[in-house]
Amino acid sequence: MMGAPEAFDISTVKGMKFFDPHVHMTSRTTDDYQAMADAGIVALIEPAFWLGQPRTGLDSFRDYYSSLIGWERFRSSQFGIKHYCTIGLNSREANNESLAEQVMEILPLFVYKEGVVGIGEIGFDDQTAAEEKYYRLQLELAKEAGMPVQVHTPHRDKKKGTQRSMDIALEHGLDPYHIIIDHNNEETVKEVLDRGFWAAFTIYPFTKMGNERMVEIVKQYGAERIMVNSAADWGISDPLAVPKTAALMKMRGLSDQDIELVTYRNAITAFAQSGQLDEADFNAQIDLTEKFEGNTILRGGQQPRTDKSSIIIS
Amino acid sequence: MRDDHIRAVKEIIGAIVKNNINLVAEKWLEDFILATDQPAQLAKVFVMLPRKTGKLPIAITDDQQEALQAAGFSYIRNWTIDRLARVWLLAGFDQGDKELFFSTINRLFLSAEVNEAVALYSALPFLSHPEIWEKRCAEGIRSNIGSVLEAIMENNPYPAAHLDEAAWNQLVLKAFFTEKNISLIAGLDQRANLQLALTLVDYAKERWAAGREVHPQLWRLVGKFTNAEIFETLKTGLQHYNQIEQRAIALAISESGYQPAKDYISTFPELKLALADGSLNWNSFNP
């Protein structure tokens, strides 16, 4: 099934703009930001996520949410990438009910902040009663706030988890056009689209979608309501998954228009329903003199860009 | 598991621990056992323990090995001394106050580093009041850390004995996802259930859609529940995929009571033969 190794030739997508609607930059380096900017990524969404191990207290949630709308957004801006986020209590940590209760109390403080474009990523992990409870509560919060919802579908028992996530969202009276069902695969895509939801695909090596499979899905289902993301995080993942997939789509003969829809435009259309996302903000000039609460990413006279092709690090 | 049975295993473990530590460490552990404020001391002793005991693999006598084998705990032989001594420490800790017992050990779980977490989950079968650890065990299955998952999933009788069906199914499904040794899951066949079978069938279809192979042991948990719907998936596997998968599906069907599937298998001469000569069994699919 695997294709022969092929180099990513960035020139095939030179001049195209990309939007990665799901990437966990907190876990990534400045090198990633540079590479993403170079590859044409102009904006991204960072969904609230878990850190690989459970948080044990409310303050670590508070600090994490604050970093998504604070330091991380600033860091991104220094590379010319507009940073948005979605805020939510992730499913795994919903199972710690006493802590989850406290997190629910502070969520409203964060979801109305500038640049928060949805409630996310929420949904199911191992499909427990506690996960369902906090999924429902957060759907209600989304309804009240008029926010899109970014739904994480489970790795395990995905098909049933996806169906259940959609059933519950509809039960709460949410419009499927406000809901982005994430991490789809060949087994889930048809039903998600048929029921009127947005179908997001995560190009993540070894586990989720491969981009060759992604090409086939767009060929089969078209580009409407489909979007591609990297979900790059602390695992072995690729923050260039969106431009790479666009390049592969180009090589495999998809139209520029379809490529633009699935790697840029659809995500903007979906998340702009929050009223917090404006394409005009993507092209802001990088202000390297700017600081975040007195801090800068440029330490002691550093320049923001270094020449990666040079062996000398001066 | 019966209490006297566990008590006997605890005694053997205690003897093995003594044989594998030096006198200084033994004295240090004895001081703890005699301490009047054990709950306050436990965390420190538990965390410091490897500094006193070292971390070498344990040595074990033939008699001890035989006794463990008879009790179903022979896997302990492969542990290191710090892991065994920590389990022994926890196994002997309860002092009757259930609330205090829970909060003291739960605190260890909350701040555990990897080796501590492995020891804590390994200790589950030996802890008093087994019912109060059910949620903690289910939480452990959410871990991303391989050795922690192995401590819960492999050779551990606690999950099969105490988890509810949803958490149990999650354990099995995650064991496939994280490529654990499926045959080491205690109680695997006894706790097979229809819901798990249906979930695993969906998982197999997803793997096929992604162009990936399906673990042959998966069919072991499906066979008994074969119905018309599952049969359709089994047919797909038989028709399109590799020989190992085919043979596993054939074996699964041979364990089912679903006649149309059995009749269908008879149309594959190679599979029919393999079943007839008895060469197929689930152990033959181990890596």
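Note: hydrogens, waters and symmetry copies are ignored here, and every other heavy atom, side chains too, is used. Each chain gets a letter, A, B and so on, in the order its sequence line appears, and its residues count up from 1.
Side chains of Y134(A) and E93(A) form no contact here, defined as non-hydrogen atoms less than 4.5 Å apart. In this structure the side chain of N90(A) reaches within 4.5 angstrom of the side chain of R55(A), judged on heavy atoms. Counting heavy atoms from C-beta outward, N211(A) and V228(A) have side chains that stay 4.5 Å or more apart.
Residues of residues 172-180 of chain B lying under 4.5 angstrom from chain A, judged on non-hydrogen atoms, are L173(B), K174(B), F177(B) in numerical order. Against chain A, the residues from residues 192-203 of chain B that qualify, each with a non-hydrogen atom under 4.5 angstrom away, are Q195(B), L198(B), T199(B), D202(B) in number order.
Note on K205(B) versus E186(A): no salt bridge recorded, every NZ/NE/NH1/NH2 to OD/OE distance being 4.0 Å or above. One finds a salt bridge joining D157(A) and K160(A) here, because a Lys/Arg side-chain nitrogen approaches an Asp/Glu carboxylate oxygen to under 4.0 Å.
Taking the six-membered ring for Trp, F285(B) and W219(B) have ring centres at least 6.0 Å apart. The distance between the ring centers of Y264(B) and F231(B) falls below 6.0 angstrom.
Ring pair H22(A)/H24(A) is perpendicular by interplanar angle, where above 60° counts as perpendicular and below 30° as parallel.
Highest contact tally toward chain B, considering only H155(A), Q127(A), M209(A), is held by H155(A) [criterion: heavy-atom pairs under 4.5 Å]. Per-residue heavy-atom pair counts under 4.5 Å with chain B were compared for R92(A), R156(A), Q53(A), E187(A), and the maximum is reached by R156(A).
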